[in-house]
Amino acid sequence: MDLKQKIRVIEDFPKKGISFKDITTLLKDGEAYRYSIKSLADLVRQKEFDLITGPEARGFIIGAPLAYELGVGFVPARKRGKLPGKTVKADYKLEYGTDVLEMHVDAIKKGQKVIVADDLLATGGTIFSTIELVEKLGGVISAVVFLIELTELKGRDSLSGYDVISLIKY
């Protein structure tokens, strides 16, 4: 299946010069969504891992069904103030400032192997903060997995030292 055909490209969004990759068209196509998750699962099935994590919100769309498909648990990395228990925090940069991701302190045990999943690798900032949370808790990153990678933005370079896997490349 050609998944690029299932992704709507919107030029000049959110600002002029950006070619936005809109995955909502892929997500609403049950066959394409399922194929995407199964394909990502096939790419990581032979890795050693105990859990999958992903950042709010689109990391949940990829990470949770991937965890389900692979029969492991999913740990959410949530935006500040959304988790009820004690948390660890990691900052990440936005276009116009910074924000914070949090994870429960008991979400990952020391030595557990974790796959980090998200919808898109652009510059790597959000995903690096998720990696930081896992490592603060003593987890070990098995792989970092993306539905889409925007190769021109070289986010993979900021994740050197990690096994980076992407299903679709632009």
Side-chain angles (χ1 to χ4, degrees), residues 14 18 20-21 23 27 36-37 39-170:
I18 303 292
F20 188 83
K21 309 307 183 266
I23 66 167
L27 297 174
S36 298
I37 297 303
S39 296
L40 284 170
D42 289 344
L43 291 173
V44 300
R45 199 175 302 280
Q46 300 308 315
K47 306 258 176 225
E48 287 186 44
F49 58 94
D50 304 300
L51 295 166
I52 294 178
T53 187
E56 187 171 349
R58 292 184 312 233
F60 296 3
I61 294 169
I62 303 303
L66 184 58
Y68 178 82
E69 175 69 23
L70 293 166
V72 297
F74 178 75
V75 174
R78 301 280 327 257
K79 293 181 180 173
R80 181 190 346 237
K82 300 291 184 180
L83 292 171
K86 187 175 179 186
T87 62
V88 293
K89 300 171 182 6
D91 295 330
Y92 65 99
K93 292 181 182 176
L94 298 167
E95 189 174 355
Y96 300 107
T98 62
D99 208 345
V100 175
L101 285 177
E102 298 179 329
M103 194 176 280
H104 279 132
V105 295
D106 61 354
I108 297 170
K109 295 182 179 97
K110 186 176 176 140
Q112 280 189 304
K113 295 179 175 77
V114 181
I115 290 176
V116 180
D118 205 356
D119 69 323
L120 180 88
L121 173 58
T123 61
T126 305
I127 210 68
F128 196 76
S129 63
T130 307
I131 290 169
E132 183 182 335
L133 291 170
V134 171
E135 291 177 342
K136 278 183 179 181
L137 295 173
V140 177
I141 304 298
S142 295
V144 188
V145 180
F146 301 93
L147 177 63
I148 299 171
E149 179 179 353
L150 303 178
T151 57
E152 185 177 291
L153 297 178
K154 302 189 185 314
R156 183 178 288 264
D157 294 349
S158 69
L159 298 171
S160 65
Y162 297 101
D163 185 6
V164 178
I165 298 167
S166 56
L167 188 59
I168 305 164
K169 292 183 171 117
Y170 284 93

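Only a predicted model underlies this, so the values are computations on that prediction, with no experimental measurement involved. Positions are given from 1 along the sequence.
In this structure a side-chain-to-backbone donor-acceptor pair under 3.5 Å is present from Ser142 to Glu48. Between the side chain of Glu102 and the backbone N or O of Ala77, no donor-acceptor pair lies under 3.5 Å.
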Return all side-chain donor-acceptor pairs below 3.5 angstrom for residues 57-65, not counting sequence neighbours, or 'none' if the list is empty.
residue: Arg58; atom: NE; partner: Asp119; partner atom: OD2; Å: 2.8

Using atom types as modelled, flag every donor-acceptor pair under 3.5 Å from a side chain in residues 103-116 to any protein atom, sequence neighbours excluded.
residue: His104; atom: NE2; partner: Gly85; partner atom: N; Å: 3.0
residue: Gln112; atom: OE1; partner: Lys109; partner atom: N; Å: 2.8

Side-chain donor-acceptor distances from residues 162-170 under 3.5 Å, at least two apart:
residue: Tyr162; atom: OH; partner: Glu135; partner atom: OE1; Å: 3.2
residue: Tyr162; atom: OH; partner: Glu135; partner atom: OE2; Å: 2.8
residue: Asp163; atom: OD2; partner: Lys47; partner atom: NZ; Å: 2.4
residue: Ser166; atom: OG; partner: Glu149; partner atom: OE1; Å: 2.7

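Proximity of Ile127 to Pro55: side-chain heavy atoms (C-beta onward) are separated by under 4.5 Å at one or more points. Using a 4.5 Å heavy-atom cutoff, the side chains of Val134 and Thr53 are in contact. Contact check for Ile37 versus Leu147: no side-chain heavy atoms found under the 4.5 Å cut-off. Residues Asp91 and Ser129 are not in side-chain contact: their nearest non-hydrogen atoms beyond the backbone lie 4.5 Å or more apart. Residues Tyr92 and Leu101 have side chains in contact (heavy-atom distance under 4.5 Å, counting atoms from C-beta outward).
Atom CG in Leu159 sits 6.0 Å away from atom CG in Leu121 (nearest 0.5 Å). Atom CD of Glu69 and atom OG of Ser39 lie 10.0 Å apart (nearest 0.5 Å). To the nearest 0.5 Å, atoms OG1 (Thr151) and CG (Leu153) are separated by 8.0 Å. For the atom pair CG (Leu120) and CZ (Phe20), the distance works out to 8.0 Å, reported to the nearest 0.5 Å.
When the salt bridge (Lys or Arg N to Asp or Glu O under 4.0 Å) test is applied to Lys136, the partners found at least two apart in sequence or on another chain are Glu132. Qualifying ring-ring contact (aromatic ring centres under 6.0 Å, His included) partners for Tyr68, counting only residues two or more places apart in sequence or in other chains: none. Applying the salt bridge (Lys or Arg N to Asp or Glu O under 4.0 Å) test to Asp42 and every residue at least two apart in sequence or in another chain returns Arg45. Considering only residues two or more places apart in sequence or on other chains, Phe128 meets the ring-ring contact (aromatic ring centres under 6.0 Å, His included) condition with none of them. Qualifying side chain to side chain donor-acceptor pair (under 3.5 Å) partners for Thr87, counting only residues two or more places apart in sequence or in other chains: Lys89.
Counting only residues at least two apart or in different chains, salt bridge (charged side-chain N to carboxylate O under 4.0 Å, His left out) contacts with residues 78-88 comprise Glu56-Arg78.
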Requested in this report: Please assess Leu40 against Leu66 for the test side-chain contact (heavy atoms from CB on, under 4.5 Å), listing each intermediate value before the final yes or no.
Outcome: CA-CA 7 Å; Leu40 284 170; Leu66 184 58; 4.0 Å; yes
